[in-house]
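Everything below concerns the one structure shown next.
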Amino acid sequence: MIPPLDLRAATDELREELEEVFGRFLDSGRYVLGAEVSTFESEYAAFCEADHCVGVSSGLDALHLALRAIGVGPGDEVIVASNTYIATWLAVTHTGATVIPVEPDPVTHNLDPSRIGQRLTAQTKAVLATNLYGLPIDYDRIRQITKAAGLWFLVDNAQANGAVYRGQPVGGLADLECHSFYPTKNLGALGEAGAVTTSDGALAERIQMLRNYGSRRRYHHELAGFNCRLDELQAGILRVKLRFIEEWNVRRRRIAELYREQLQTARNIILPVEPAWGRSAWHLYVVRVPERDRVCAAMEQQDVGCLVHYPTPPHRSEAYADCFRHAENLPIADALADSVLSLPMGPHLSAADARTVADKLRSTVDNITQTLNHENTRRQDAA
Ligand SMILES: *Cc1c(COP(=O)(O)O)cnc(C)c1O
């Protein structure tokens with residue numbers, strides 16, 4: 001079986017260094033928000049070329065606290081992509097503000113800047129755009145819009161650790177950028193972790209307070225905060241992994257290039273693109289195919305584990321059934337959800353396995369589309 005992502009192989013490659021971190025952690029006598037966390041924060045801020053980094057307990061917490069830090073709350077509207085992971089929407093909902101979905105560009109899968117203008121109202125407070133599947137959004141275009149309209153510009157960077165926009169690393173380009181270090185992400189902890197990066201010192205300080213019961217000094221609570229602290233063990237593990245992310249992203253890029261070579265002449269398979277301004281972190285390799293569910297099942301039968309990110313767009317999920325009772329018209333998100341397929345991807349996928357995946361995908365899609373054409377012809381003949 002070729003798995004969608006081999007996490008165990010990643011851990012094995014770094015086993016000695018991780019065991020050393022664990023020993024240091026046991027010996028330290030300090031388990032939450034200590035020296036490992038603050039050192040990781042400095043190292044990760046430097047990696048993003050941002051002035052500040054605040055470690056938190058997950059990607060969702062990073063998004064939620066970033067929105068709280070800029071004062072988003074009931075009555076406010078926040079623009080998000082219609083095809084992002086539901087966490088982006090939930091963070092807005094948890095503040096009491098309203099989610100305003102904007103459709104993506106179906107080629108890049110990222111929020112389409114040209115559609116933002118028509119959704120702006122007097123209540124709009126921020127644009128929160130996602131670097132989906134590892135590909136950076138068009139930062140310059142979105143910044144132009146948010147600047148002109150006096151809005152905050154936030155980024156959900158859960159999937160694009162190590163991506164590059166016009167020569168600069170993502171993470172330091174918007175007002176606040178939110179990261180997840182969930183184990184499956186490009187920079188993955190061995191548990192839950194996340195961070196917010198920013199070059200605004202006052203906002204960083206607010207997030208530091210919000211993650212720790214609204215407190216700067218012990219038992220002195222200036223804000224009604226939360227418990228979203230990062231622990232020392234995860235921070236130590238992330239410090240090890242941060243030293244490998246660039247090399248591991250290069251390996252991901254090689255797999256992406258191999259898939260492109262093998263599949264660019266295949267019929268009925270739409271491959272992901274990388275616009276001139278952005279270097280993807282290749283978190284996922286997402287193609288579009290007809291009859292996606294049949295293709296996915298057939299790949300599974302041939303021992304290739306594909307995934308779907310995501311089969312149900314947030315506006316169709318039960319969690320949002322009340323807000324979108326009239327199934328708001330988001331045809332691009334719907335069409336993408338019906339056709340996207342994530343091929344196995346990761347720094348530990350071998351070139352031989354990637355070739356096997358590409359071969360099987362090509363023949364599977366050919367077989368299924370041929371069967372479909374036969375069925376259609378027969379139906380037309382019968383009619
Ligand atoms: C993973 C992810 C999140 C949430 O991160 P957690 O650490 O699981 O809370 C948010 N947004 C996107 C786009 C993600 O992929």
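By convention here, the first residue in the shown sequence is residue 1. Counting convention: from 1, in listed order, for ligands and their atoms alike.
- Residue Ser180 has at least one N or O atom closer than 3.5 Å to an N or O atom of ligand 1.
- Counting only heavy atoms of the protein, atom 10 (C) of ligand 1 lies nearest to Ala87 CB, 3.4 Å.
- Between Tyr139 and Tyr165, the ring planes are tilted. Angles from 30° to 60° get that label.
- The atoms of ligand 1 that sit less than 4.0 Å from any heavy atom of Ser58 are 7 (O), 9 (O).
- Judged purely by distance below 3.5 Å, without hydrogens or angles, the side chains of Asp138 and Asn110 never pair a donor atom with an acceptor atom.
- Side-chain atoms of Thr93 and Tyr320 form a donor-acceptor pair, as typed in the model, at a separation below 3.5 Å.
- Residue contacts with ligand 1, taken as heavy atom pairs separated by less than 4.0 Å, involve Thr130 solely via side-chain atoms from C-beta onward.
- Remark: ligand 1 and Asp156 share an N or O pair separated by less than 3.5 Å (distance only, no angle test).
- Here the options are Arg217, Arg216, Arg206, the test is side-chain hydrogen bond (donor to acceptor under 3.5 Å, both in side chains), and the partner is Glu222; only Arg216 passes.
- In this structure, a donor-acceptor pair under 3.5 Å is present between the side chains of Ser58 and Asp61.
- Shortest contact from atom 9 (O) of ligand 1 to any protein heavy atom: Leu60 N, 2.9 Å.
- Where the criterion is an N or O separation shorter than 3.5 Å, residue side chain and backbone included, Phe181 fails it with respect to ligand 1.
- Nearest protein heavy-atom contact of atom 2 (C) of ligand 1 is Lys185 NZ, 2.7 Å.
- Between Glu192 and ligand 1, no pair of N/O atoms sits closer than 3.5 Å.
- The distance from ligand 1 to the heavy atoms of Gly59 drops below 4.0 Å at these ligand atoms: 5 (O), 6 (P), 7 (O), 9 (O).
- Against a heavy-atom cut-off of under 4.0 Å, Ala158 is close to the following atoms of ligand 1: 2 (C), 3 (C), 10 (C), 11 (N), 12 (C), 14 (C), 15 (O).
- For the residue pair Arg378/His374, the side-chain donor-acceptor check at 3.5 Å is not satisfied.
- A donor atom on one side chain and an acceptor atom on the other are found under 3.5 Å apart for His315 and Asp334.
- Glu274 has no carboxylate O lying under 4.0 Å from a charged side-chain N of Arg260, or vice versa, which leaves the two without a salt bridge.
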